[in-house]
Protein chains: 2
Amino acid sequence: MARTVFEKSDAVALVAEVFRELGYEGASMSEITARTKLSKGSLYHFFPEGKEQMAAEIMADIDAWFVTEMFRPLEEQEPRAAIARMWETTDSYFRSGRRVCLIGAFALDETRDRFTSMIHGYFHRWIEALAGSLIKAGLRNNEAKALAEEAVVGIQGALTLARALGDDTIFGRTLARLRQRMEAVLS
Amino acid sequence: MARTVFEKSDAVALVAEVFRELGYEGASMSEITARTKLSKGSLYHFFPEGKEQMAAEIMADIDAWFVTEMFRPLEEQEPRAAIARMWETTDSYFRSGRRVCLIGAFALDETRDRFTSMIHGYFHRWIEALAGSLIKAGLRNNEAKALAEEAVVGIQGALTLARALGDDTIFGRTLARLRQRMEAVLS
DNA sequence: GACCTTCTAAACCGATCGGTCTATTAAAAA
DNA sequence: TTTTTAATAGACCGATCGGTTTAGAAGGTC
């Protein structure tokens with residue numbers, strides 16, 4: 001029996017894609033082992049507490065990525081450049097809409113109750129970071145908050161419709177529209 | 001043992017709420033019987049093909065409701081009034097964001113593959129009906145299509161964020177913003 | 001080379017899965 | 001009243017669930 005050695009970071013990334021495609025309840029251990037080629041032995045070696053730990057670490061991993069790649073830049077860097085980079089990071093992270101938002105998907109059903117604070121924190125920080133950046137760029141508080149909320153809402157909605165319609169173009173079109181509106185307000 | 005008699009339409013509505021809350025995979029037969037008080041005997045009497053038939057009939061039921069309450073009015077009635085009614089129907093159907101869109105939720109994971117054409121048809125017709133109404137109200141084709149798409153995207157995104165943030169106000173705020181923007185373009 | 005630790009493979013476990021079946025009830029049809 | 005039919009309750013079934021355990025392979029250390 002051939003033995004393949006994985007790193008934990010590989011395991012997190014591989015299992016993440018399975019949860020993304022199947023949802024928390026849909027991702028059975030047998031589907032996870034089949035799709036990742038990680039045996040149960042490996043999975044329970046990396047995640048002794050099982051499925052719930054896998055999901056928790058995956059979400060923490062995603063959250064950490066967003067913090068360094070999007071939220072902190074928005075909070076710390078020059079707003080117009082940071083916002084411009086946010087649109088590009090968003091498009092590439094979600095693969096132009098071909099990849100769903102795992103955190104958003106978990107929020108829709110009662111999987112939400114297992115990970116309430118993680119889910120809440122992710123979206124809250126995204127909106128707050130973006131709104132903060134818009135305020136630094138000169139917008140009034142209310143307007144910044146509304147525009148930031150509109151952007152995150154639009155991103156999530158576009159991900160849903162991209163999958164629902166099997167349409168590879170709607171996500172890019174939505175990002176472009178949101179971005180254009182934001183730049184119009186900023187100019 | 002007390003015997004409660006249900007109508008099939010009751011069964012469809014009750015089971016629908018369970019799928020809405022738990023998703024397709026999360027809604028196990030035992031959860032369905034526990035939450036609806038319908039026994040397995042009743043469920044398999046109404047839906048001899050089981051879970052997949054339940055979901056299919058629920059989606060058909062939802063689709064039919066949307067056709068009569070939203071899509072046909074948009075297609076047949078005076079556009080401005082029909083659009084105004086659409087916003088109110090949307091707000092009340094989704095209970096101001098406290099109720100998720102079952103079709104949108106199914107679209108996110110591989111449940112989508114079981115019901116591809118139903119999911120596609122629902123969102124396609126919604127966008128087309130709204131765009132058609134906007135064209136009748138005087139908008140150019142492109143602008144109508146973009147605005148309709150933006151509205152449906154926004155509704156879906158707001159439903160996701162309402163659950164993610166546990167925020168009862170974001171859905172109404174999003175609808176108001178979308179509606180205001182649409183009316184600004186129409187005036 | 002012997003030994004220990006890390007990691008993988010897969011058999012195995014009780015619980016739960018979706019689905020079937022039988023018994024029974026209530027009401028309609030005769 | 002008797003018979004038939006539609007519907008409900010829940011025990012039951014094999015398969016699959018998430019999780020545990022055992023066995024052994026690979027690699028480092030001495």
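Letters go in sequence order (proteins before strands), and every chain restarts at 1. These numbers come from the heavy atoms of this one structure, side chains and all, not from hydrogens, waters or symmetry mates.
In this structure, B:Glu49 atom CD and C:dG18 atom P are separated by 16 Å, rounded to whole Å. A:Phe46 has its CZ atom 10 Å from the C1' atom of C:dT6, to the nearest Å. One interatomic measurement links the two molecules: OH of A:Tyr44 to C1' of D:dA23, which rounds to 19 Å at whole-angstrom precision. In this structure, the NZ atom of B:Lys40 is 13 Å from the P atom of C:dT16, given to the nearest Å. Remark: C1' of C:dG19 and CD of B:Gln53 are 13 Å apart, rounded to the nearest angstrom. Note: CE (B:Met54) to P (C:dG18) measures 9 Å, nearest angstrom. One interatomic measurement links the two molecules: CD of A:Glu7 to P of C:dT8, which rounds to 10 Å at whole-angstrom precision. Atom C1' of nucleotide D:dA11 and atom CG of B:Leu43 are separated by 16 Å, given to the nearest angstrom.
Between B:Lys51 and A:Ser39, the residue whose closest nucleotide on DNA chain C is further toward the 5' end is A:Ser39.
In this structure, A:His45 reaches the C:dC7 phosphate: one of its side-chain N or O atoms is under 4.0 Å from OP1 or OP2.
Counting heavy atoms from C-beta outward, A:Leu22 and B:Asp109 have side chains that stay 4.5 Å or more apart.
If you run salt bridge (Lys or Arg N to Asp or Glu O under 4.0 Å) between B:Glu17 and each of B:Arg35, B:Arg95, B:Arg99, only B:Arg99 comes through.
When heavy atoms are screened at a 4.0 angstrom cut-off, A:Ala27 is found touching the sugar-phosphate backbone but no base atom. Residue contacts shown for A:Ser30 are limited to sugar-phosphate atoms, with no base heavy atom under 4.0 Å away. Backbone-only engagement by A:Gly50 is indicated by non-hydrogen atom pairs under 4.0 Å involving sugar-phosphate atoms exclusively.
Around CZ of A:Arg85, the count of heavy atoms belonging to other residues, nucleotides or ligands within 6.0 Å does not exceed 12. Other residues, nucleotides and ligands contribute more than 12 heavy atoms inside 6.0 Å of the CG atom of A:Asp113.
Between B:Glu150 and A:Arg173, no side-chain nitrogen of the basic residue sits less than 4.0 Å from a carboxylate oxygen of the acidic one, so the salt-bridge criterion is not met.
Listed nucleotides C:dT6, D:dG19, D:dA9 differ in distance to B:Thr4; the shortest reach to its side chain belongs to D:dA9.
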